[in-house]
Amino acid sequence: AVSYTALIDAFCKVNNIGRAMEIFDEMVKDGFAPDAYVYYTLIAGLTRAGRMNEALTFFQTLKDSGFSPDVVCYNVLIAGLFNTNKADKAHEIFEEMEKAGARPDGVTYNTLIAYHAKSGNFTEARKQLKKMVREGHVPTVVTYGALIHAYCLNERVNEAMALFKELRGSSKVAPNGVIYNILIDCLCKKDDVQQALGLMDDMEVKGVKPSANTFNSLFRALREAKMVQKGFELMDRMVKQGVNPD
RNA sequence: CCCUGUUCACUGGGGUA
C-alpha cells in the first residue's frame, strides 16, 4: 500500500489526478485494500486541485471503511474549503473534528487564523490565536506570517510592520525569508520601493537569504517605476548572492 | 526497533465576468 500511496501522490503532484484515481481503482481491482494513507493522499491531491466535492466524497468513503481521519486529513480539508470559499463547510468539518476527538493542532489554528485575518476579521483571528496558545500550541513563524500577510492585504501596512518589528526584536520567532518576502512584496505594491530595498538590506544584516520571490517582487516594482538602473544593480546582487532566477 | 507516504503564511502568468 505504501507503493500505491507514493504512486498516487506522485501523479497528484504533477496534477494528473485522473491517473491517480485510475491507480486507486486498479489497486482495489487487484484486491489490495486501500489503507488510510491512500485515502489521505487522494484527498490531498483533489484538494490541491480545488476539487473539494470529490475530496469530500473520498473523505466519506474513508470513514465508511472504518478509518478515523487523522488531524492532518482534517487540516487538508479545512484549508481546502477555506481556499475555495466554502467557509461554512470548513467550520462544519472543524466541528466534526472536535467531536470526533481529533485535537486541532497548530496547523489547524494557523489555517483558521489565516482565513479570518485575510477576511479582515482580525478580532476573530486574535481570538483563535489566544485559543491556540491556551490549548498549548506555540505560534510559529507561519502564524505570524499569516497575520502579517493579512495586514498587508487589508491595507494595514503599519500594523504589519509593527508585528514584524516585534518579531525582529524578540528572539522567540525570528522572521524568515517568507516574512521578508511578504513585506517586500507588499511595500513594492504600495510603490514604496525604497523601504522594500531597505528590508532587503536588513535581510543581509540578519543573515536571511533572499529567494527568487524576493527579487521578483522588486524587479516588478522597479520595472513599473522605470528604475532601470536599480534593476541592474539588483541583478548583480542576485548573482552575487547565488540566487537563481526562475 | 527505527525511518519513510497526507496539511497551514510569500511571487508571477492565463481563462470567464
Side-chain angles (χ1 to χ4, degrees), chain A residues 1-13 20 23-24 27 34-49 52 55 58-59 62 67-83 90 93-94 97 102 104-118 125 128-129 132 137-153 160 163-164 167 173 175-189 196 199-200 203 208-221 223-224 238 243 245-246:
Chain A
V2 174
S3 318
Y4 277 107
T5 308
L7 204 51
I8 288 170
D9 187 43
F11 278 110
C12 286
K13 290 215 164 111
I23 291 169
F24 176 82
M27 173 180 187
D35 66 8
Y37 273 96
V38 172
Y39 287 106
Y40 295 159
T41 306
L42 264 179
I43 289 168
L46 288 164
T47 298
R48 218 176 290 129
M52 294 315 298
F58 274 104
F59 181 61
L62 164 78
F67 297 110
S68 304
D70 68 0
V71 181
V72 174
C73 185
Y74 281 110
N75 288 345
V76 170
L77 288 170
I78 291 168
L81 289 165
F82 279 134
N83 289 334
I93 298 285
F94 178 73
M97 174 181 191
D105 64 4
V107 172
T108 320
Y109 284 104
N110 287 344
T111 305
L112 290 171
I113 290 166
Y115 167 73
H116 289 299
K118 278 185 183 165
Q128 292 297 334
L129 179 59
M132 173 183 191
H137 305 291
V138 182
T140 64
V141 68
V142 174
T143 319
Y144 295 113
L147 285 169
I148 290 173
H149 188 210
Y151 280 127
C152 289
L153 293 175
L163 183 50
F164 164 73
L167 296 185
V173 181
N176 64 5
V178 174
I179 301 279
Y180 279 98
N181 288 349
I182 291 168
L183 287 164
I184 287 172
D185 185 60
C186 170
L187 293 167
C188 283
K189 285 178 177 152
L199 274 178
M200 177 133 204
M203 289 177 89
V208 179
K209 196 184 164 192
S211 66
N213 265 355
T214 322
F215 287 100
N216 286 342
S217 298
L218 285 161
F219 281 134
R220 160 169 292 268
R223 191 179 67 204
E224 276 172 17
M238 185 157 84
V243 177
D246 63 359

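To find a chain, count down the sequence lines: A is the first, B the second, and so on, and within it residues start at 1. All of these numbers come straight from a predicted model, not from anything done at the bench.
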Q. Base, backbone or nothing for each nucleotide of nucleotides 11-17 of chain B, written B, S, -, heavy atoms under 4.0 angstrom, 5' to 3'?
A. BSS----
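- When heavy atoms are screened at a 4.0 angstrom cut-off, A/V71 is found touching no nucleic acid atom at all.
- Put simply, A/K118 has no side-chain N or O that comes within less than 4.0 Å of OP1 or OP2 on B/C8.
- Note: CD (A/Q128) to C1' (B/A9) measures 16 Å, nearest angstrom.
- Looking at A/D35, its side chain does come within 3.5 Å of a backbone N or O of A/V38 through a donor-acceptor pair.
- Closest approach to the A/V76 side chain among B/C10, B/U6, B/C8 is made by B/U6 (side chain taken as heavy atoms from C-beta onward).
- The nearest pair of heavy atoms linking A/T143 to A/N110 is OG1-OD1, 2.6 Å.
- Rounded to an integer number of Å, the gap from CZ of A/F164 to C1' of B/C10 is 14 Å.
- Within 3.5 Å, a donor on the side chain of A/D70 pairs with an acceptor on the base of B/U6, or the reverse.
- The side chain of A/Y37 sits closest to B/G5 out of B/C8, B/G5, B/U7.
- Between the OH atom of A/Y151 and the C1' atom of B/C10 there is a distance of 18 Å, given to the nearest Å.
- Although no hydrogens or angles enter the test, the distance criterion places no donor-acceptor pair under 3.5 Å between the side chain of A/H149 and the main chain of A/A114.
- If you measure from atom CG of A/L183 to atom P of B/A9, you get 17 Å, rounded to the nearest angstrom.
- Distances from the side chain of A/V107 to the nucleotides B/A9, B/G5, B/C8 place B/C8 closest.
- The CZ atom of A/F58 sits 17 Å away from the P atom of B/U7 (whole-angstrom rounding).
- Proximity of a side-chain donor or acceptor of A/N83 to a complementary backbone N or O of A/A79 within less than 3.5 Å is detected.
- Closest contact between the side chain of A/T111 and the listed nucleotides B/C8, B/G5, B/U6 involves B/C8.
- In the set B/U6, B/C8, B/A9, B/A9 carries the atom at the smallest distance from any side-chain atom of A/N176.
- Across all strands, A/N83 comes closer than 4.0 Å to no nucleic acid atom at all (heavy-atom distances).
- Between A/P139 and A/L129 the shortest side-chain heavy-atom distance falls below 4.5 Å.
- Proximity of A/Y40 to A/D70: side-chain heavy atoms (C-beta onward) are separated by under 4.5 Å at one or more points.
- For the pair A/L42 CG and B/U6 P, the computed distance is 13 Å after rounding to whole Å.
- The separation between A/Y39 atom OH and B/G5 atom C1' is 16 Å, rounded to whole Å.
- Of the possible polar contacts, one joining the A/N176 side chain to the A/I179 backbone as a donor-acceptor pair under 3.5 Å is found.
- Remark: aromatic rings of A/Y37 and A/F67 are distant, center separation not under 6.0 Å.
- For A/N75, counting side-chain heavy atoms from C-beta on, the closest listed nucleotide (B/U7, B/G5, B/A9) is B/U7.
- Phosphate contact (OP1/OP2 of B/U6, side-chain N/O of A/R48, threshold under 4.0 Å): absent.
- Protein atom CD1 of A/I179 is 13 Å distant from nucleotide atom C1' of B/C8, rounded to whole Å.
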